[in-house]
Amino acid sequence: MEYKDLIYMDNAATTPVSDSVLEAMLPFLKNQYGNASAVYRIGRDAHQAVEDARRRIARVLHAGAMDIYFTSCGTEADNWALKGTARKLAAQGKKHIITTNIEHHAILHSAAALEAEGFEVTYLPVDEKGRVTPEQVAAAIRPDTALVSVMHANNEIGTIMPVAEIGAICREAGVLFHTDAVQTAGILPIDVEAMNIDMLSVSAHKFNGPKGVGVLYCRRGIYPQNFMDGGAQERGHRAGTENVAGIVGMARALEDAAAVREEAAARMAVIRDHLQEELLKIPDSRVNGDTEHRLPGTLNMSFDGIDGQSLLFSLDLKGVEASSGSACASGSLDPSHVLLALGLPYGQAHGSLRLTVGKYNTMEEADRVIEAVTETVRELRGK
Ligand code: PLP
């Protein structure tokens with residue numbers, strides 16, 4: 001099957017770079033190749049492009065430009081926020097961190113690494129829809145709590161967390177609040193001021209930007225301990241030659257996404273709801289997560305007796321590109337930690353299908369996906 005005939009419905013894993021983004025990036029991959037730290041003209045021009053991108057990204061997030069730090073991806077932003085803050089505040093005797101049990105592995109594995117260094121981590125349990133409450137956070141905060149990290153929306157089930165309320169609790173308690181907004185920055189409005197966010201992670205490839213570039217927003221005065229040591233880039237806080245083309249592409253992608261945010265979300269939701277309605281007609285099927293507080297393009301379903309990997313392989317043969325969970329977890333045979341956290345039995349946590357609608361999906365594609373999934377589940381069940 002040719003690439004053009006495939007139906008890509010895994011937009012939570014990554015998204016294609018848009019024409020507008022590619023166009024913005026190209027000059028910086030060709031003629032304007034200067035190192036942003038160099039003092040001569042092509043270096044200064046690259047520097048200016050980076051600073052312009054910083055201002056534009058800051059504007060979308062309602063942040064100060066000087067509070068935007070460029071990173072190599074969302075994973076780096078998460079690692080930096082968690083490890084850098086914990087290691088810095090340990091000197092003040094704050095060695096406790098609060099997070100949830102459905103975070104992305106970039107957070108969970110960073111938290112585990114900190115536990116191995118002697119930090120204590122509280123993993124708040126989510127309810128059957130994947131939400132934690134501000135009250136749970138309030139009850140878990142201790143005098144030695146350094147940081148709370150709760151994701152804005154989950155990558156497997158799309159559940160949106162009450163981050164503004166959680167941020168308010170943290171602010172009142174004098175505890176730093178980080179949110180992983182990798183799944184939301186291109187889809188939901190973000191206002192770091194109104195939402196009481198101290199640190200926030202973004203990744204460009206989730207909103208039609210390039211792979212390998214991200215942001216850690218850090219409120220002025222909060223500098224996690226450096227994670228990348230080397231040159232004096234990013235005002236001495238994050239070393240490494242700037243990915244100029246990537247940064248410029250990310251700014252364009254974020255602005256493009258923000259410009260059409262509401263209509264794009266409404267379009268995605270219509271397609272997602274159609275998928276959900278039709279796929280629920282398959283006997284013994286259910287939707288996982290929260291159908292009220294949910295990202296507009298996300299649908300996570302389980303089909304009794306169906307193994308997720310077999311379903312994905314069969315769908316792939318039919319030209320449907322979907323996932324059974326997070327991009328990094330698929331390919332592993334472990335059941336989803338997110339679905340287990342919702343309380344799903346092992347079999348169901350193993351057999352989920354995640355469809356994530358993006359900017360370029362159509363209703364016609366949705367109909368072909370419905371047909372393929374319905375047929376595949378029937379085949380796998382041997383009926
Ligand atoms: N956090 C969440 C919620 C994600 O979904 C992902 C990617 O799937 C990441 C972090 C990691 O981002 P990146 O792929 O840029 O490293």
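Atoms within each ligand, like the ligands themselves, are counted from 1 in listed order.
- At a heavy-atom distance under 4.0 Å, no atom of Thr14 approaches ligand 1.
- Distances shorter than 4.0 angstrom do not occur between any heavy atom of Glu103 and any atom of ligand 1.
- Between Lys129 and Glu292, none of the side-chain N atoms (NZ, or NE/NH1/NH2) sits under 4.0 Å from a carboxylate O, so this pair counts as no salt bridge.
- Polar contact with ligand 1: absent for Val182 (N/O pair, distance under 3.5 Å).
- For the residue pair Thr15 and His205, no side-chain donor N or O sits within less than 3.5 Å of a side-chain acceptor on the partner.
- Under 4.0 Å from ligand 1, not a single heavy atom of Lys211 appears.
- The parts of Thr75 lying near ligand 1 are both backbone and side chain, judged by heavy-atom distances below 4.0 Å.
- Residue Ser203 approaches ligand 1 through these ligand atoms, each under 4.0 Å from one of its heavy atoms: 13 (P), 15 (O).
- Between the side chains of Ser20 and Glu23, no donor-acceptor pair is found at a separation under 3.5 Å.
- Listed by chain and number, the residues in a side chain to side chain contact (heavy atoms under 4.5 Å, CB included) with Ser314 are Thr376, Leu380 (sequence neighbours excluded).
- Taking the ring centre of Tyr69 as origin, the terminal cationic atom of Arg235 falls inside the region bounded by 6.0 Å and 45° from the ring axis.
- The contact set between ligand 1 and Met151, taken as ligand atoms under 4.0 Å from a residue heavy atom, comprises 3 (C).
- At a 4.0 Å heavy-atom cut-off, ligand 1 does not touch Glu76 at all.
- Listed by atom number, the atoms of ligand 1 under 4.0 Å from His205 heavy atoms are 13 (P), 14 (O), 15 (O).
- In this structure, Lys318 pairs ionically with Glu375, as a charged nitrogen and a carboxylate oxygen lie closer than 4.0 Å.
- Residue Tyr40 belongs to a hydrophobic cluster whose other members are Tyr33, Ile42, with links defined by side-chain heavy atoms closer than 4.5 Å.
- The distance from ligand 1 to the heavy atoms of Asp78 drops below 4.0 Å at these ligand atoms: 1 (N), 10 (C).
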